[in-house]
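Okay, structure first, notes after.
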Amino acid sequence: TLYRSALPDSNALPVLDQLKIGTVINFLQESDSAWLKSSDIKQVQLSYRTNHVDDSDVLAALRAIQEAEANGPVLMHCKHGSDRTGLMAAMYRVVVQGWSKEDALNEMTQGGFGSSNGFKDGVRYMMKADVAKLRTALQNGECSTSAFALSSMKSWMNTANSDT
């Protein structure tokens with residue numbers, strides 16, 4: 001129920017309808033959603049750059065995917081469907097579906113979504129990502145894995161206030 005692609009256009013609508021796509025998540029900096037205007041498909045814009053990705057970007061994407069899945073299958077895309085989309089697909093596989101990093105990296109880099117030369121930033125992020133921390137933050141609704149993130153501090157303060 002999670003698909004990835006390069007930037008679609010209006011020619012993609014029949015395929016999206018056939019797949020029963022309920023939401024399209026765009027990882028590009030700019031919105032190019034004119035092709036979706038005549039459709040009932042929901043649009044979500046989450047821009048980030050692969051060479052500056054951090055845990056908060058990943059958590060926002062994973063949360064958006066999970067929320068979108070309530071409306072049916074999800075298509076996520078960037079310009080080429082490889083680096084940004086590949087990283088988020090791989091992180092979804094590891095954090096949500098429990099895949100190994102190795103299997104997710106193999107799918108990301110060897111799954112036919114472009115040349116593996118463009119994946120170095122995503123691979124670097126994945127290798128150092130703390131999956132357990134990401135999984136816990138996602139389950140707790142936190143915006144980051146850092147204890148000093150505003151969402152984490154609010155959660156901590158709410159817990160401290162409820163204990164008194």
Side-chain angles (χ1 to χ4, degrees), residues 1-13 15-36 39 41-139 142-146:
T1 61
L2 180 61
Y3 299 90
R4 95 189 224 210
S5 77
L7 177 63
D9 59 25
S10 60
N11 295 325
L13 284 175
V15 175
L16 299 184
D17 287 340
Q18 182 182 359
L19 294 172
K20 298 182 181 2
I21 299 295
T23 306
V24 170
I25 299 174
N26 176 3
F27 291 129
L28 294 173
Q29 298 291 333
E30 65 281 348
S31 175
D32 187 14
S33 57
W35 63 275
L36 262 176
S39 172
I41 297 172
K42 183 180 175 189
Q43 303 171 56
V44 175
Q45 173 104 22
L46 287 175
S47 59
Y48 79 94
R49 293 176 45 192
T50 312
N51 62 341
H52 295 296
V53 70
D54 62 24
D55 289 352
S56 62
D57 295 321
V58 172
L59 289 167
L62 296 180
R63 194 164 287 113
I65 293 166
Q66 288 182 318
E67 290 171 7
E69 286 177 323
N71 298 321
V74 178
L75 171 72
M76 55 184 178
H77 77 83
C78 56
K79 188 172 184 178
H80 301 290
S82 56
D83 58 348
R84 286 171 278 205
T85 304
L87 175 60
M88 291 310 168
M91 292 308 297
Y92 181 86
R93 296 285 200 203
V94 172
V95 175
V96 175
Q97 295 182 324
W99 283 32
S100 71
K101 283 185 181 183
E102 180 183 11
D103 287 344
L105 282 167
N106 284 337
E107 181 184 65
M108 180 175 96
T109 60
Q110 299 170 16
F113 297 99
S115 128
S116 61
N117 294 339
F119 298 115
K120 64 180 168 81
D121 293 317
V123 170
R124 183 178 23 242
Y125 171 82
M126 271 202 79
M127 294 308 293
K128 68 177 183 162
D130 186 328
V131 174
K133 278 187 177 181
L134 285 164
R135 195 172 286 136
T136 299
L138 184 64
Q139 290 169 349
E142 296 169 353
C143 64
S144 175
T145 55
S146 169

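The figures here come from the full heavy-atom set of this structure, side chains too, leaving out hydrogens, waters and symmetry mates. Just so we're clear, the structure is a prediction, and the values are computed from it rather than from any experiment.
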Applying side-chain contact (heavy atoms from CB on, under 4.5 Å), run through Asp130 and Thr145 and close with a yes or a no.
CA-CA 9 Å; Asp130 186 328; Thr145 55; over 6 Å; no

So salt bridge (charged side-chain N to carboxylate O under 4.0 Å, His left out) across residues 58-77, not counting sequence neighbours, yields none

Any non-hydrogen side-chain atom of Asp55 less than 4.5 Å from a side-chain atom of Lys133?
no

Heavy-atom closest pair (Met126 atom, Met91 atom, distance to 0.1 Å) is CG-SD, 3.5 Å

Exactly one of Leu19, Val24, Ile25 clears side chain to side chain contact (heavy atoms under 4.5 Å, CB included) with Val74, and that residue is Ile25

Pro73 and Tyr3 have their tightest heavy-atom pair at CB-CE1, 4.0 Å

I would like to know whether Leu105 and Met127 meet side-chain contact (heavy atoms from CB on, under 4.5 Å); could you show each step before the answer?
-> CA-CA 9 Å; Leu105 282 167; Met127 294 308 293; 3.5 Å; yes

To the nearest 0.5 Å, atom NE2 of His80 lies from atom CG of Leu28 at 9.0 Å

Rounded to the nearest 0.5 Å, the CG atom of Leu134 sits from the CD atom of Glu142 at a distance of 11.0 Å

- Verdict with reasoning, Val58 to Met88, per side-chain contact (heavy atoms from CB on, under 4.5 Å): CA-CA 7 Å; Val58 172; Met88 291 310 168; 4.0 Å; yes

Sorted by chain and residue number, the side-chain contact (heavy atoms from CB on, under 4.5 Å) partners of Ser47 (sequence neighbours excluded) come out as Gln29, Gln45

By ring-ring contact (aromatic ring centres under 6.0 Å, His included), Tyr48 pairs with (sequence neighbours left out) Phe27

Given the options Lys79, His77, Arg84, Asn26 meets side chain to side chain contact (heavy atoms under 4.5 Å, CB included) only with His77

inquiry  = Could you check whether any side-chain heavy atom of Thr23 comes within less than 4.5 Å of a side-chain heavy atom of Val44, counting everything from C-beta outward?
reply    = yes

In terms of heavy-atom contacts, does CD of Gln97 have more than 12 from other residues, nucleotides or ligands at under 6.0 Å? yes

Taken to the nearest 0.5 Å, the spacing of Leu62 CG from Arg135 CZ works out to 10.5 Å

Value for CG (Asp83) from OG1 (Thr109), rounded to nearest 0.5 Å, stands at 12.5 Å

Distance col, row Ile21:CD1 vs Leu2:CG, nearest 0.5 angstrom, shows 8.5 Å

Q: For the residue pair Leu138 and Val96, establish whether any side-chain heavy-atom pair is separated by less than 4.5 Å.
A: yes

Value for CD1 (Ile65) from CE (Met76), rounded to nearest 0.5 Å, stands at 4.5 Å

Q. Hey, does His52 have a side-chain heavy atom less than 4.5 Å from the side chain of Asp57?
A. no

